[in-house]
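Contents: one structure, followed by commentary.
In what follows, every heavy atom counts, from backbone to side chain, and hydrogens, waters and symmetry copies are set aside.
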Amino acid sequence: MLEGQYDSKKVEDKIYKLWEESGFFNPDKLPARHKKPFSIVLPPPNVTGVLHMGSALMLAIEDTMVRYERMKGKKALWIPGTDHASIATETKFLKEKKIFRNDYMNKRDEFISMVNEYALQNQSQILRQMRVMGASLDWSRLKFTLDKDHSDTVTEAFIQMHKAGIIEMGTGLFTIINWDVKGQTVVNDDEIEYQAEKAKLYTFRYDKNFPILISTTRPETKFGDTAVAVNPNDKRYKNFIGKTFDAEFLSKKLSIKIIGDPSVDQNFGTGALGVTPAHSKIDAEMAIRHNLPSYQVINEYGKMSENTSALVTGKKTVEARDIIVNYLKEQNLLEKEEIIDQNIPRAQRSGGIIEPLPKRHQFFIRVNKKIPGKNKTLKELMIDSVKSGKIEILPKRFEKTYFNWVENLRDWSISRQIWYGHRLPVWYKPPAPEGDALDYVVSKTKPEGEGWEQFSDTLDTWFSSGLWPFSTLGWPNSTNDLKQYFPTSVLETAYDILFFWVARMILMSQFLLGKVPFKTVYLHGLVRDEQNRKISKSLGNNIDPVDMISQYGADAIRMAMIVGTSVGNDSKVSMDKFKAYRNFSNKIWNAGKFVLMNADGIDITKKPKLSKEDAKYLVELNKFIAKVTKQMDSFKFYMASEEIYHYFWHVFCDKIIEEKKRDILSEDIAKRNSAKWLLLEIYATCLQLLHPFMPFITEEIYQQLPIKNKKSCLIIEEWPK
RNA sequence: GCACCGUUAGCUUAGUGGUAGAGCGCCACCUUGACACGGUGGAGGUCAGAGGUUCAAGUCCUCUACGGUGCACCA
């Protein structure tokens, strides 16, 4: 019997165990009425740490969807997993343990097993937290991105894409990559964050005989200049175009060709810019257009190479800059020095400066290359997937953002110089020759013969994540799961990984399976605190969901996160909100006490003749069910949850129960039975409606309801009609 | 520079053309036999500003202000 106040601590573990033992999280074990498949893959949390409020929100929304669809009679599958998150995990590991990877130069395996151990520790905690949230995940299908299965999938995908020419090795000299000096790896365009800073724009000439003044914020790169570019329409410079001048910059001899290129802005600086093909993407593109040579002058440690001047060789770039500026001043070559606004690029993970430089033997996914046999590029496929309506993004406005991003997409650099991750299935015979040319073989296993070695680079972590929706279902094998559950029904995730992840999954799925990976993308927002600040450790406003759950109960936390959180919008959490839904849990409990107290001798399956008033309440209930169902079907969980809250508390408890108290004490047996039946009926219905949102308490009470022939668990009870 | 979003009660927000709604908080009263993690009642809004469309605008259009986000540029 229900008694006292609701105590979530006594209930939650017990109920979760009951569910796990029932087996119903696994769709194969659901009763026969569950036929039509419904599937979601859980965005696998990074094994970098424990779950945060954002993950809690994600679990709450997805579990609500899955439980709802399961009750509606769907064969509901929700696949759990975790992500090794190569770059994030390795960076965090090094930082936390104060380890330098260089100390393990010849002990790669040892290093990896250390990171892996760290990852697995986090993983086990994350999996526990998911259970604490009440997530109805099918644990029998649990995956990890470094599992053998998934790793094989990654290799297979690489091989297929390479075979089709969609993965290619870049030509080092003119392939300028974003080099993270601190993290010692290549990063992709979208792994860079720009920071607005004041910078000095220097206007000077290379030497006193050079005819043109150029402007730059980075004089130290000028050792690599092979041209000066001007706008072809610029009258000031028209006559110089096509001529080549010898120059001496500090002690370094340069040969500078004057080129006309329409990309040059006449109004910026002097309207003439030194072209440094090795240290700027735009300059490299110009170099290709104008057939210019390219010389690297900054190395991978962010220091000046020997190919510069003895004055600066070996110095860090900023030190070199000072030396150069002083030299220019002394030689009277510096014309002007002005402060301008500039965006300094930094690596998102390590915080290190990004140094654009050329790098050999890097692999790229070509997004603008026609796919053999399809006559379309990856970019076009990505756009078509959404434009055709095969994928719907909620809220709709993110479709525009998506198109905008895809249209501006450049080739995806997938080689990373870190160790924790999927190693490229690429083999070569060391030593690699000088220059770009390299004989290599792409293969699952070491090729026949002597001397083969595997590339030391690993793949961008998003390459692996991009395969997740079908890798988890068994691709490349044609499994039952793949046949039944792919494309998945809904992909639910935070909007800040729309590009990183969602777009990549669409890319991969379109190329490898020729299908979209999911039908609906439901994007949720960021979780903020009461003061509208982003929740982060550095702000000290970090809220631990597990902590909150032990204080207020998982159901309360889930409701607090869902009510008022409409699709795509940021949400706020506060203790007040948690408390409010903890109180609601208790209200449900106490109402249950009252209903059960008066349910003696009532058989809910046998509707008695209802009083006029009670019949009216029943009609209202049915209208209410229809309304809530409609909201659930259109992903308006924030609305449905609030409606049920309101109906339960302010209609059922405040109005109906209070009124029926009289009838229950009435002399009139018919009136009494009508009232008692009505209360039990509405109460049981509310438990069902509330179950997707507040699974623990509703299940706990359901187990005690005096209903004949009820299901073994509320989780497989039918959604009310 | 381009784009997107937001601006409704003290706070969080719903409301996708027809008389301003909810939750929390606040105030007053009530220890009534489910519940004080409760009940009853109540105060509180010129829907950011200006203009327009319409019989009718929080809702559609234009502009402005403020706040936020994304992308691009970054010589």
Side-chain angles (χ1 to χ4, degrees), chain A residues 2-7 189-190 194-197 199 201-203 213-219 221-222 225 228-230 263-276 280-283 286 340-345 356 395-409 495-496 498-499 525-526 528 530-532 534 552-553 556 559-560 563-566 568-598 636 638-639 641-643 645-646 649-650 653-654 657-658 661 664-665 679 683:
Chain A
L2 311 182
E3 49 192 34
Q5 294 197 341
Y6 174 62
D7 184 355
D189 294 342
D190 40 25
Y194 291 89
Q195 220 173 340
E197 281 173 27
L201 180 70
Y202 303 98
T203 298
L213 281 163
I214 56 164
S215 299
T216 184
T217 53
R218 301 200 61 193
T221 63
K222 298 292 103 182
D225 282 14
V228 162
V230 297
S263 69
V264 179
D265 178 358
Q266 297 185 44
N267 301 317
F268 190 92
T270 58
L273 91 114
V275 181
T276 324
S280 154
K281 271 183 202 174
I282 294 189
D283 291 8
M286 262 192 247
I340 61 160
D341 292 313
Q342 213 198 5
N343 289 324
I344 305 295
K396 200 101 182 148
R397 66 185 139 92
F398 278 101
E399 292 189 355
K400 268 189 193 167
T401 318
Y402 173 84
F403 292 134
N404 182 267
W405 183 82
V406 176
E407 276 154 18
N408 286 309
L409 193 60
Y495 65 67
D496 59 353
L498 175 64
F499 307 140
L526 305 173
R528 297 169 179 279
E530 297 102 294
Q531 291 159 56
N532 206 18
K534 210 168 159 173
Y552 301 104
M559 271 300 263
V563 174
T565 304
S566 52
N569 288 334
D570 293 350
S571 59
K572 296 185 179 74
V573 292
S574 65
M575 297 305 144
D576 280 351
K577 227 171 161 183
F578 295 148
K579 221 161 98 185
Y581 294 101
R582 188 269 321 260
N583 294 354
F584 182 51
S585 307
N586 199 43
K587 187 76 181 176
I588 297 169
W589 187 257
N590 281 306
K593 263 195 270 184
F594 182 81
V595 171
L596 294 190
M597 205 180 280
N598 294 293
K636 290 183 176 162
Y638 67 100
M639 232 175 198
S641 52
E642 198 178 319
E643 292 272 4
Y645 172 95
H646 186 257
W649 200 317
H650 300 298
C653 291
D654 291 351
I657 288 185
E658 289 308 320
K661 275 179 180 170
I664 284 167
L665 298 172
L679 291 187
Y683 188 72

Only counting residues at least two apart or in another chain, list the ones meeting side chain to side chain contact (heavy atoms under 4.5 Å, CB included) with [X].
X	answer
A/Asn408	A/Asn404
A/Leu201	A/Ser215, A/Thr217, A/Phe268, A/Glu338, A/Ile340
A/Pro356	A/Ile176, A/Arg218
A/Glu197	A/Gln195, A/Ile344, A/Arg346

For [X] and [N], give me the distance from atom [atom1] to atom [atom2], rounded to whole Å.
X	N	atom1	atom2	value
A/Glu407	B/C2	CD	P	18 Å
A/Tyr495	B/U69	OH	P	8 Å
A/Glu643	B/A22	CD	P	12 Å
A/Leu679	B/C35	CG	C1'	15 Å
A/Arg528	B/G67	CZ	C1'	11 Å
A/Ile588	B/G38	CD1	P	13 Å
A/Tyr581	B/G25	OH	P	11 Å

Stem ranges of RNA chain B by first residue number, counting only runs of at least 3 Watson-Crick or G-U pairs under 3.5 Å, come to B:1-7 with B:65-71, B:10-13 with B:21-24, B:26-30 with B:38-42, B:48-52 with B:60-64
Considering only atom [atom1], compute the distance from [N] to [M] and round it to an integer number of Å.
N	M	atom1	answer
B/A9	B/U46	C1'	13 Å
B/C55	B/G21	P	26 Å
B/G18	B/A56	C1'	7 Å
B/A36	B/G17	C1'	45 Å
B/A72	B/C26	P	47 Å

Here the pair of heavy atoms bringing A/Asp283 nearest to A/Gly274 is OD2-O, 3.6 Å
Here the pair of heavy atoms bringing A/Leu213 nearest to A/Thr203 is CB-CG2, 4.2 Å
Those residues that, when tested against [X], pass salt bridge (Lys or Arg N to Asp or Glu O under 4.0 Å) (two or more places apart):
X	answer
A/Asp265	none
A/Lys579	none
A/Asp225	A/Lys222
A/Glu407	none

Contact string for nucleotides 6-18 of chain B, one letter per nucleotide 5' to 3', B = base within protein heavy-atom range under 4.0 Å, S = sugar-phosphate only, - = neither, reads ------SSSSB--
For nucleotides 70-75 of chain B, 5' to 3', base contacts (B), sugar-phosphate-only contacts (S) and non-contacts (-) with protein non-hydrogen atoms under 4.0 Å give SS-BBB
| field | Contact check, side chains of A/Arg582 and A/Tyr6, non-hydrogen atoms, under 4.5 Å | value | no
Inset, instruction - Could you walk me through whether A/Phe584 and A/Trp649 pass side chain to side chain contact (heavy atoms under 4.5 Å, CB included), step by step? - result: CA-CA 8 Å; A/Phe584 182 51; A/Trp649 200 317; 3.4 Å; yes
Review point. Looking at A/Trp649, does any N or O in its side chain come under 4.0 Å of the phosphate oxygens OP1/OP2 on B/G39?
Key: yes
| request: May I ask you to check whether A/Tyr683 and A/Phe594 place their ring centres under 6.0 Å from each other? | output: no
From the list A/Trp405, A/Tyr402, A/Phe398, ring-ring contact (aromatic ring centres under 6.0 Å, His included) with A/Tyr495 holds only for A/Phe398
What does the list of N/O pairs under 3.5 Å between the protein and nucleotides 29-34 of chain B look like, with a distance for each?
residue, atom, partner, partner atom, Å
B/A34, OP1, A/Lys661, NZ, 3.1
B/A34, O2', A/Asn590, OD1, 3.2
B/A34, N7, A/Lys661, NZ, 3.3
B/A34, N6, A/Glu658, OE2, 3.1
B/A34, N3, A/Asn590, O, 3.2
B/A34, N3, A/Ala591, N, 3.2

Out of B/G38, B/A22, B/C24, minimum distance to the side chain of A/Tyr645 belongs to B/C24
The answer to which of A/His650 and A/Tyr6 contacts RNA chain B further toward the 5' end, by nearest nucleotide, is A/His650
